[in-house]
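Here the structure is a predicted model, which is why all the values come from computation and not from measurement.
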Amino acid sequence: MAAVREGLPDGRYGRSADARADRTLKIVGAVLGAGLLALISWFGYDYITGQDVSGRLTGFKVVADDAVDVRLEVTKDKGATGVCTVRTLDQYHAEVGRKDFTFDQRQDDLVKVVTVRTTARATSAELIGCEPVR
């Protein structure tokens with residue numbers, strides 16, 4: 001007959017090293033997870049509230065071989081000054097014009113038609129981006 005070995009009695013010798021390690025890993029994982037969640041929340045909040053100026057290109061019209069009229073809708077804080085960059089492209093998608101436009105009017109929402117001069121006939125225009133002047 002083979003001898004059956006029994007485990008240690010429960011509660012007699014305290015927790016095993018594995019149980020202590022598991023508990024420590026759970027605590028460290030929870031702290032790191034909470035820290036990561038807080039960091040992601042902070043970046044998201046900063047991204048949303050940090051954008052003082054935003055813009056949208058709502059249309060463009062090629063008025064000549066060397067000019068394009070671009071219609072921009074700009075949203076910004078009343079006290080902020082913003083700069084929006086627009087570029088124009090030719091039929092081969094090469095850049096033929098680029099210009100920065102500054103908006104410092106005391107309004108929240110602006111709709112402006114601006115003219116971009118080009119080196120060749122443009123077929124499209126795009127808004128690169130808008131940012132506040134610091």
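Looking at heavy atoms from C-beta onward, E126 lies in side-chain contact with R87 at the 4.5 angstrom threshold. You'll find the side chain of F101 stays beyond 4.5 Å of the side chain of K112, heavy atoms only. Q91 has its side chain within reach of T123: a pair of non-hydrogen atoms, C-beta onward, lies under 4.5 Å apart.
The closest donor-acceptor contact from the side chain of T88 to the backbone of G97 lies under 3.5 Å. With D77 contributing its side chain and A80 its backbone, the two residues share no donor-acceptor pair below 3.5 Å.
Of all heavy-atom pairs between D65 and R121, the closest is OD1-NH1, 2.7 Å.
At a threshold of 4.5 Å between side-chain heavy atoms, the hydrophobic network of Ile, Leu, Val, Met, Phe, Trp and Tyr places L127 and V53 in one connected group. Under the 4.5 Å side-chain contact rule for hydrophobic residues, L110 and V114 share a cluster.
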Going by atom type alone, with no hydrogens or angles, which donor-acceptor pairs under 3.5 Å involve a side-chain atom of residues 24-42 and a protein atom two or more places apart or on another chain?
unit_1 : atom_1 : unit_2 : atom_2 : d
T24    : OG1    : R20    : O      : 2.9
S41    : OG     : L37    : O      : 2.9

Check: residues 67-75 side-chain donor-acceptor pairs under 3.5 Å, at least two apart:
unit_1 : atom_1 : unit_2 : atom_2 : d
D69    : OD1    : T115   : OG1    : 2.7
R71    : NH1    : T58    : OG1    : 3.2
E73    : OE1    : R56    : NH2    : 3.0
T75    : OG1    : D109   : OD1    : 3.3

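Among residues two or more places apart in sequence or in another chain, the side chain to side chain donor-acceptor pair (under 3.5 Å) test is passed with Q105 by none. Qualifying side chain to side chain contact (heavy atoms under 4.5 Å, CB included) partners for D66, counting only residues two or more places apart in sequence or in other chains: A64, R117, T118. Among residues two or more places apart in sequence or in another chain, the side chain to side chain contact (heavy atoms under 4.5 Å, CB included) test is passed with T85 by R98, D100, I128. Every side chain to side chain contact (heavy atoms under 4.5 Å, CB included) that T102 has, sequence neighbours left out, goes to T81, V83.
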